[in-house]
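Just so we're clear, the structure is a prediction, and the values are computed from it rather than from any experiment. Side chains included, hydrogens not; waters and symmetry mates left out as well; all remaining heavy atoms used.
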Amino acid sequence: MEFERIDAVAKDSKAFTDKQTKASLYKTVWRWHFYAGIFFAPLIIFLSITGGIYLFKPQIENYMYHDLYYVQQGQQKISSTEQIHEVKKNYPHAKITGFTPSVAPDRSSEVEIMVNGKSISVFVNPYNGDIIGKLNENARFMAWVKDLHNGELWGGTIGNWLVELSACWFIILIITGVYLWWPRNRKSLFGTLIPRINLSKRNRTFWRDMHAVTAIWLSLFIVVQLFSGLMWSGVWGSMAHRIVDPISGNPEGDQPWEKYAFPKSTIPTKEIADVPWAAENLPVPESSPNGVKTISVDKVMQIAEKNNVQPGYRIAFPDGETGVYTIFLDPADVYPNRPLPWAQQTLHIDQYSGKVLAKFAWSDYGALGKLISLGIAFHQGEFGFISQLFMLALTIGIIMIVVSGVIMWWKRKPKGKLGAPALPENFKMLKGVAVIVIVLGLFFPLVGASLLIVWVLDYFVIKRIPIAKQWIG
């Protein structure tokens with residue numbers, strides 16, 4: 001009997017210890033969730049608002065620059081070479097850097113020039129060569145919104161890092177949020193998958209359900225949106241390129257052997273043209289000067305047609321004697337008849353012979369490259385107007401999740417304190433939690449750096465200032 005009693009006590013003790021461990025883990029995860037949410041809430045809301053505006057770039061720019069984009073349809077268009085010549089006559093000291101052919105009978109052509117270090121788009125009537133007007137590319141309203149969204153306008157590289165950091169921590173917020181939401185012993189759908197909405201009683205339960213239930217329904221879409229947005233980031237995006245590029249195949253010319261035949265520069269394609277993401281790091285080949293004249297832009301357009309590049313493509317002009325013509329189609333830039341993402345294509349063409357030196361289309365992307373490109377298209381609402389509305393609803397949902405979380409905190413916050421969840425007493429970091437922290441720090445380098453900074457501040461500053469320690473908790 002004595003052994004049975006000892007065994008029962010041991011079992012009870014183990015059960016109690018397990019319960020304490022689970023409770024401590026829950027409090028620790030909640031504390032992480034709380035701090036990340038409080039610190040990054042303003043930036044997440046800001047990114048949601050600017051991203052929601054940028055979703056409708058085609059419609060907004062079409063309205064703002066309607067007089068530049070549209071012309072009276074005529075009988076016969078003049079050649080692209082003649083259109084560019086008219087721009088040269090009006091801007092004799094400008095360098096021609098690109099050309100976008102008229103995409104529809106009532107649309108203007110666009111000639112890109114460089115004047116005093118500024119990139120300017122000149123809009124031309126394709127029927128008579130008249131100059132309709134011009135736009136400084138950096139002065140476009142949506143270019144301003146984009147630079148706000150990616151942090152470059154208000155913080156440069158540091159701003160871009162902060163945007164990336166907030167996106168990484170938002171993913172961690174989703175992971176920790178799912179852990180906190182997990183029903184465990186709760187069996188009711190209300191409060192789990194259905195919010196308990198009582199508009200007459202907007203208490204903490206109401207805001208908790210608006211926060212948690214909304215987040216759980218949108219979590220998968222938010223994660224896809226965040227990862228696709230990270231593809232443009234400075235640190236994580238560069239890591240992604242290093243993984244994807246080697247397995248995306250070697251772009252080649254018209255014949256398989258040609259991938260070995262042409263010299264390549266060390267310049268990535270993103271340095272000469274705003275190409276689709278998958279083609280950004282494609283090395284730019286070099287043209288071979290052979291004593292003949294550069295082919296005309298009309299000839300380049302014939303090559304684009306021969307390679308089935310859909311209307312809406314742009315042509316970047318050669319830079320120097322060994323430069324190439326670059327034809328690229330990014331469906332995101334085409335409106336209103338926007339092609340689907342798998343129409344994107346990038347071609348590098350010898351400026352003298354017209355030879356296709358490199359061709360990188362959807363069929364050349366690896367499986368991961370295609371998946372990422374689809375994620376980017378999802379992020380920008382490129383699957384039509386319905387997808388734009390869906391992404392707008394998603395950004396509104398994110399704002400609601402963040403705002404409801406802040407309201408929950410405000411309602412429970414003690415006066416004069418931050419109101420963070422209490423750190424479990426005598427709680428030592430579990431090995432599993434430590435492994436998770438290390439993995440997250442390696443997978444998201446900026447998160448690892450931020451955790452290190454927080455630890456230094458906590459250990460060397462906050463713990464040694466009683467008032468700060470008491471306020472933070």
If we only count heavy atoms from C-beta on, is the [X] to [Y] side-chain gap below 4.5 Å?
{"X": "Asp106", "Y": "Gln72", "value": "no"}
{"X": "Met210", "Y": "Val403", "value": "no"}
{"X": "Lys146", "Y": "Arg140", "value": "no"}
{"X": "Phe141", "Y": "Glu61", "value": "no"}
{"X": "Val447", "Y": "Ile171", "value": "no"}
{"X": "Leu282", "Y": "Val275", "value": "no"}
{"X": "Tyr352", "Y": "Pro289", "value": "yes"}
{"X": "Ile53", "Y": "Ile60", "value": "yes"}

Taking atom [atom1] as the centre, does [X] end up with more than 12 heavy-atom neighbours from other residues, nucleotides or ligands that are less than 6.0 angstrom away?
{"X": "Trp161", "atom1": "CH2", "answer": "no"}
{"X": "Gln59", "atom1": "CD", "answer": "yes"}
{"X": "Trp154", "atom1": "CH2", "answer": "yes"}
{"X": "Asn290", "atom1": "CG", "answer": "yes"}
{"X": "Asp319", "atom1": "CG", "answer": "no"}
{"X": "Lys299", "atom1": "NZ", "answer": "no"}
{"X": "Phe221", "atom1": "CZ", "answer": "no"}

Centroid-centroid distance, [X] to [Y], less than 6.0 Å:
{"X": "Tyr335", "Y": "Tyr69", "answer": "no"}
{"X": "His379", "Y": "Trp232", "answer": "yes"}
{"X": "Phe444", "Y": "Trp169", "answer": "no"}
{"X": "Tyr179", "Y": "Trp182", "answer": "no"}

Using every non-hydrogen atom in the two residues, find where [X] and [Y] come nearest and quote the distance to one decimal.
{"X": "Lys359", "Y": "Val356", "value": "CB-CG1, 4.0 Å"}
{"X": "Ala41", "Y": "Val406", "value": "CB-CG2, 4.1 Å"}
{"X": "Gly397", "Y": "Leu218", "value": "CA-CD1, 3.8 Å"}
{"X": "Ile96", "Y": "Lys88", "value": "CG1-CE, 3.8 Å"}
{"X": "Ser108", "Y": "Ile132", "value": "CB-CD1, 3.7 Å"}
{"X": "Ala278", "Y": "Phe360", "value": "O-CE2, 3.3 Å"}

(request) Walk me through it: do Ile131 and Val124 pass the test side-chain contact (heavy atoms from CB on, under 4.5 Å)? (result) CA-CA 5 Å; Ile131 305 299; Val124 182; 4.0 Å; yes

[atom1] of [X] to [atom2] of [Y]: how many Å apart, nearest 0.5 Å?
{"X": "Asp298", "Y": "Thr81", "atom1": "CG", "atom2": "OG1", "result": "3.5 Å"}
{"X": "Ile113", "Y": "Lys118", "atom1": "CD1", "atom2": "NZ", "result": "12.0 Å"}
{"X": "Met231", "Y": "Ser373", "atom1": "CE", "atom2": "OG", "result": "9.5 Å"}
{"X": "Lys370", "Y": "Leu374", "atom1": "NZ", "atom2": "CG", "result": "9.5 Å"}
{"X": "Ile216", "Y": "Leu193", "atom1": "CD1", "atom2": "CG", "result": "8.0 Å"}
{"X": "Gln225", "Y": "Leu220", "atom1": "CD", "atom2": "CG", "result": "12.0 Å"}

Polar side-chain atom of [X] near backbone of [Y] as donor-acceptor pair, under 3.5 Å:
{"X": "Glu86", "Y": "Gln83", "value": "no"}
{"X": "Asn90", "Y": "Val87", "value": "no"}
{"X": "Ser102", "Y": "Arg107", "value": "yes"}
{"X": "Thr176", "Y": "Val29", "value": "no"}
{"X": "Glu164", "Y": "Val235", "value": "yes"}
{"X": "Thr214", "Y": "Ile401", "value": "no"}
{"X": "Ser387", "Y": "Gly381", "value": "yes"}
{"X": "Trp236", "Y": "Phe443", "value": "yes"}
{"X": "Asp350", "Y": "Lys355", "value": "no"}
{"X": "Thr97", "Y": "Glu112", "value": "yes"}

(message) Go through it in stages, so that I can follow the logic: the residues are Phe390 and Phe378, the test is side-chain contact (heavy atoms from CB on, under 4.5 Å), and I'd like the CA-CA distance, side-chain angles, deciding distance and then a yes or no.
(response) CA-CA 10 Å; Phe390 177 83; Phe378 171 81; 3.8 Å; yes

(request) Assign the ring pair Trp362 / Trp342 to parallel, tilted or perpendicular, where the plane angle (0 to 90°) is split at 30° and 60°. (result) perpendicular

(request) Evaluate the ring planes of His66 and Tyr70, with Trp represented by its six-membered ring, and classify them as parallel (under 30°), tilted (30 to 60°) or perpendicular (over 60°). (result) parallel

(request) Test side-chain contact (heavy atoms from CB on, under 4.5 Å) on Trp32 and Ile175 and set out the steps. (result) CA-CA 11 Å; Trp32 282 11; Ile175 296 170; over 6 Å; no

(message) Before you tell me yes or no, could you show the steps for Phe385 and Leu389 under side-chain contact (heavy atoms from CB on, under 4.5 Å), namely the whole-Å CA-CA distance, both residues' side-chain angles and the distance that decides it to 0.1 Å?
(response) CA-CA 6 Å; Phe385 184 61; Leu389 292 179; 3.6 Å; yes

Determine all donor-acceptor pairs shorter than 3.5 Å in which one atom belongs to a side chain in residues 320-331; sequence neighbours excluded.
residue	atom	partner	partner atom	Å
Tyr325	OH	Ile295	O	2.9
Thr326	OG1	His348	ND1	2.9
Asp330	OD1	Ala332	N	3.2

